[in-house]
Engineer: 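Below are the structure tokens for one structure; questions will follow.
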Amino acid sequence: MPILLLLLIIVFSVLSEHFLTAVNLTNILVQNVHIAVCACAVAMIMISGGTDLSIGYQMSVTAVLMAKTISEGTLSVPVAILLGILLCMVLGTFNGLMGQVLKSHTMIITLGTMAIFQGISYLISQSKSYRNLPDSFMYLGQGRLFDTIPVNVIIMVVIVVITAVVMGKTSIGRKIYACGDNPEAARLAGLNVSRIKILVFTFGGLLVGISALLLAARSGFADSGTSGPGIEFTGITACVLAGVALKGGEGKLWKVIVAVYVLGVLSNGMQLIRLGTYPQYIAKGLIMLVSLYLSNRNAKTA
């Protein structure tokens, strides 16, 4: 991952004189903060053996609820943020519970809940875009500490470090890996696999809620159609590119974060050399297919 990131930086630096500048590199870092936080949630869920395709509309529900209640003066900024994140945790928990109750793969279940969350988001927003958000809210996405360090980058680093410690240095992290690698063996070893998987979706909901907050605060608005939907594909692509196993039980969080910025550099560089949005979709899709091929080949070799 680091080598691929470095190669992309070199290539786009040669192709565009505007790429390797402090302003552009800072833009890449800031613009992908919410994706990195969301990718942490995607990685945890995939490592536990699940898949959540509803994450985009979980973000949409959360962002719209926050922006609506704040812009209309219904709730104060801190209360609206807390309510939005709690709601996202509830939605994540619901996905986890459905996975255990229906005894089906969460990829199929979250296809259904994705439609439910989409409807909830549009019911809340009534297809409106909410703007005129206060500076105290947008500071979380646009502010700079000491007029230098982006606040949202600090938030991202804290969240990534905490998640990495939980996954790599604690017993609950080892249990999550065990449940994803071999659920039956984990159960026979005395682990409550169902409870652990539900908790993973709950914690994933927390991270997705924070991601929605960072996106709305950076963009300065929220609506149902653009505040989140589609991010689940980017998150899954980053995880697969980073070597997170689709079957669960494998994956390193730091590689996922590097993969997020590989995709971010790719998107930014293609824009600078005047390749629009649609070629970027093609490039990301090809990256996903190549990553799947390499992942399957490595699995057979192992």
Side-chain angles (χ1 to χ4, degrees), residues 1 26-48 50 52 54-56 58-63 66 77-78 80-93 95-96 136-145 148-170 172-173 176-177 199-219 222 227-228 231-232 234-239 241-242 244 251-264:
M1 283 298 96
T26 301
N27 285 339
I28 294 172
L29 181 64
V30 170
Q31 289 171 358
N32 290 279
V33 161
H34 69 284
I35 299 175
V37 174
C38 185
C40 288
V42 175
M44 284 189 67
I45 292 169
M46 288 179 64
I47 290 170
S48 73
D52 192 344
S54 70
I55 280 176
Q58 287 182 47
M59 282 184 64
S60 178
V61 170
T62 304
M66 289 180 185
V77 171
I81 290 173
L82 181 61
L83 179 63
I85 293 176
L86 285 175
L87 175 59
C88 206
M89 292 176 69
V90 170
L91 299 180
T93 304
N95 282 338
S136 58
F137 179 80
M138 292 194 294
Y139 178 78
L140 297 172
Q142 301 177 12
R144 290 177 180 264
L145 193 64
T148 305
I149 308 172
V151 173
N152 60 353
V153 173
I154 297 174
I155 295 172
M156 177 196 72
V157 170
V158 171
I159 289 171
V160 169
V161 169
I162 291 174
T163 308
V165 169
V166 169
M167 293 298 292
K169 301 296 183 180
T170 67
I172 183 63
I176 291 170
Y177 275 97
L199 285 174
V200 169
F201 274 92
T202 302
F203 188 70
L206 170 65
L207 297 182
V208 172
I210 296 172
S211 179
L213 164 64
L214 294 174
L215 174 59
R218 185 181 66 82
S219 60
S227 297
I231 196 173
E232 65 281 351
T234 304
I236 293 172
T237 302
C239 287
L241 183 61
V244 178
K252 298 293 184 182
L253 196 63
W254 71 267
K255 290 185 179 181
V256 173
I257 302 304
V258 175
V260 167
Y261 281 97
V262 165
L263 296 174

Engineer: Once you round to the nearest 0.5 Å, how far does CH2 of W254 lie from CE of M167?
Structural biologist: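 Separation between the atoms: 15.5 Å.
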Engineer: Could you pull out the closest heavy-atom pair between Y261 and V33, with the gap in Å?
Structural biologist: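 Taking every non-hydrogen atom into account, OH-N, 3.9 Å.
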Engineer: Quick one: side chain to side chain contact (heavy atoms under 4.5 Å, CB included) partners of L86, sequence neighbours excluded?
Structural biologist: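 Testing L86 for side chain to side chain contact (heavy atoms under 4.5 Å, CB included), a comparison that skips the adjacent residues, returns L82, M89.
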Engineer: Tell me the closest heavy-atom pair linking Q31 and H34, and the distance in Å.
Structural biologist: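 Closest heavy-atom pair between Q31 and H34: O-CE1, 3.3 Å.
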Engineer: Could you pull out the closest heavy-atom pair between A39 and C239, with the gap in Å?
Structural biologist: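 The pair with the smallest heavy-atom distance is O-SG, 3.9 Å.
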Engineer: Are any non-hydrogen side-chain atoms of V61 and L91 less than 4.5 angstrom apart?
Structural biologist: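 They are in side-chain contact.
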Engineer: State the CD1-CZ distance between I55 and F201, to the nearest 0.5 angstrom.
Structural biologist: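 Answer rounded to 0.5 Å: 8.0 Å.
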Engineer: Applying the side chain to side chain contact (heavy atoms under 4.5 Å, CB included) test to L253, which of I47, T163, V244 qualifies?
Structural biologist: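 Per the side chain to side chain contact (heavy atoms under 4.5 Å, CB included) rule, the option paired with L253 is T163, out of I47, T163, V244.
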Engineer: Could you measure the distance from the SG atom of C40 to the CD1 atom of I45? Nearest 0.5 Å is fine.
Structural biologist: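 Answer rounded to 0.5 Å: 11.5 Å.
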Engineer: Please name all residues satisfying side chain to side chain contact (heavy atoms under 4.5 Å, CB included) with T62, sequence neighbours left out, ordered by chain then number.
Structural biologist: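 T62 satisfies side chain to side chain contact (heavy atoms under 4.5 Å, CB included) with M66, C88, A212 only.
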Engineer: Between S211 (side chain) and L207 (backbone), is there a donor-acceptor pair under 3.5 Å?
Structural biologist: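 Flag not set: sc S211 to bb L207 has no pair under 3.5 Å.
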Engineer: If you round to the nearest 0.5 Å, how far is CE of M156 from CD1 of I257?
Structural biologist: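 Interatomic distance, I257 CD1 to M156 CE, rounded to 0.5 Å: 7.0 Å.
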Engineer: Decide yes or no on side chain to side chain contact (heavy atoms under 4.5 Å, CB included) for M59 and C38, but give the supporting numbers first.
Structural biologist: CA-CA 9 Å; M59 282 184 64; C38 185; 4.3 Å; yes
Engineer: Under the side chain to side chain contact (heavy atoms under 4.5 Å, CB included) criterion, do T26 and V30 qualify, and how do the steps go?
Structural biologist: CA-CA 6 Å; T26 301; V30 170; 4.2 Å; yes
Engineer: Just jot down the side chain to side chain donor-acceptor pair (under 3.5 Å) partners of N152, sequence neighbours excluded, or say none.
Structural biologist: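 Applying side chain to side chain donor-acceptor pair (under 3.5 Å) to N152 gives none.
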Engineer: If you take all heavy atoms of G56 and I231, which pair is closest and at what distance?
Structural biologist: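 The answer is CA-CG2, 3.9 Å.
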Engineer: Run L241 and K255 through side chain to side chain contact (heavy atoms under 4.5 Å, CB included) and show every step you take.
Structural biologist: CA-CA 9 Å; L241 183 61; K255 290 185 179 181; over 6 Å; no
Engineer: Say you draw a straight line from OG of S48 to CG of L199; how long is it, rounded to the nearest 0.5 Å?
Structural biologist: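 Output value for this atom pair is 10.5 Å.
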Engineer: Please find the pair of heavy atoms, one from V260 and one from I35, that lie closest to each other, and give the distance.
Structural biologist: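 In terms of heavy atoms, the two residues are closest at CG1-CG2, 3.8 Å.
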Engineer: Say you draw a straight line from CD1 of I172 to OH of Y177; how long is it, rounded to the nearest 0.5 Å?
Structural biologist: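 If we round to the nearest 0.5 Å, I172:CD1 and Y177:OH are 12.5 Å apart.
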Engineer: Kindly indicate, with the supporting measurements, whether the criterion side chain to side chain contact (heavy atoms under 4.5 Å, CB included) is fulfilled by S54 and E232.
Structural biologist: CA-CA 7 Å; S54 70; E232 65 281 351; over 6 Å; no
Engineer: Considering residues at least two apart in sequence or located in another chain, which fulfil the side chain to side chain contact (heavy atoms under 4.5 Å, CB included) criterion with V161?
Structural biologist: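 Partners of V161 under the side chain to side chain contact (heavy atoms under 4.5 Å, CB included) test: V157, V165.
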Engineer: Return the minimal non-hydrogen interatomic distance between A216 and A63, and the atom names on each side.
Structural biologist: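 Closest heavy-atom pair between A216 and A63: CB-CB, 4.3 Å.
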Engineer: Partners of T202 by side chain to side chain donor-acceptor pair (under 3.5 Å), sequence neighbours excluded?
Structural biologist: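 Once residues adjacent in sequence are excluded, the partners of T202 under the side chain to side chain donor-acceptor pair (under 3.5 Å) criterion are T93.
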Engineer: Side chain to side chain contact (heavy atoms under 4.5 Å, CB included) with V77: which residues, sequence neighbours excluded?
Structural biologist: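 For V77, the residues satisfying side chain to side chain contact (heavy atoms under 4.5 Å, CB included) (neighbours in sequence not counted) are I70, I81, P134, S136, F137.
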